[in-house]
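Read through the structure below, which is laid out as C-alpha cells, and then see the notes.
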Amino acid sequence: DYQRDQAMAGLVELTAVEAGLVDEWQVLLTPRPGVAGPPITVVVPARDSNQARLAAMSRYPNYVAGAARVLNRRWR
C-alpha cells in the first residue's frame with residue numbers, strides 16, 4: 001500500500017545517508033510564477049547540490065530550486 005511504500009522509501013534514504021553514500025542537503029524552493037505560496041526549504045538526500053535541487057523539484061513540481069547547502073558531509 002501507499003503508506004508502506006512511503007515508509008520504506010524514507011528508510012532507504014536514511015540508510016543511504018548513514019552508510020555515507022549520500023549527504024543530506026537543504027534546498028530553498030520558491031513557487032513558480034502563478035503559483036501561490038511562500039518559499040519553503042526541504043531536506044533531501046543527494047550526492048551533490050545539482051542532484052539535491054533536482055530531487056527537491058521532483059518532490060515539489062510547482063516550485064523552483066534555489067540555493068542548496070549540505071547539512072552533513074559523508075566521509076570520503
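Note that the coordinates shown come from a computational prediction; the quantities given were computed from them, not determined experimentally.
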Residues in side-chain hydrogen bond (donor to acceptor under 3.5 Å, both in side chains) with Q26, at least two apart?
R69
Between V42 and A56, the two heavy atoms sitting closest are CG2-CB, 3.8 Å
Would you check if W25 and D23 make a side-chain contact, meaning some heavy-atom pair closer than 4.5 Å?
yes
Does V64 reach the side chain of L29, with side-chain heavy atoms less than 4.5 Å apart?
no
How close do A65 and V27 get, counting heavy atoms only, and between which atoms?
CB-CG1, 3.9 Å
For G66 and R53, which heavy atoms make the closest approach, and how far apart are they?
O-NE, 2.8 Å
For A68 and S49, which heavy atoms make the closest approach, and how far apart are they?
CB-CB, 4.2 Å
What is the distance from atom OG1 of T30 to atom CG of N62, rounded to the nearest 0.5 Å?
11.5 Å
Tell me whether Y60 is reachable from L54 by hopping between hydrophobic residues (I, L, V, M, F, W, Y) whose side-chain heavy atoms are closer than 4.5 Å.
yes
How far does CG of L28 sit from OH of Y63, to the nearest 0.5 angstrom?
10.5 Å
Verdict with supporting geometry, E24 and V44, side-chain contact (heavy atoms from CB on, under 4.5 Å)
CA-CA 6 Å; E24 286 183 309; V44 294; over 6 Å; no
Partners passing side-chain hydrogen bond (donor to acceptor under 3.5 Å, both in side chains) against T41 (at least two apart in sequence or in another chain)
none
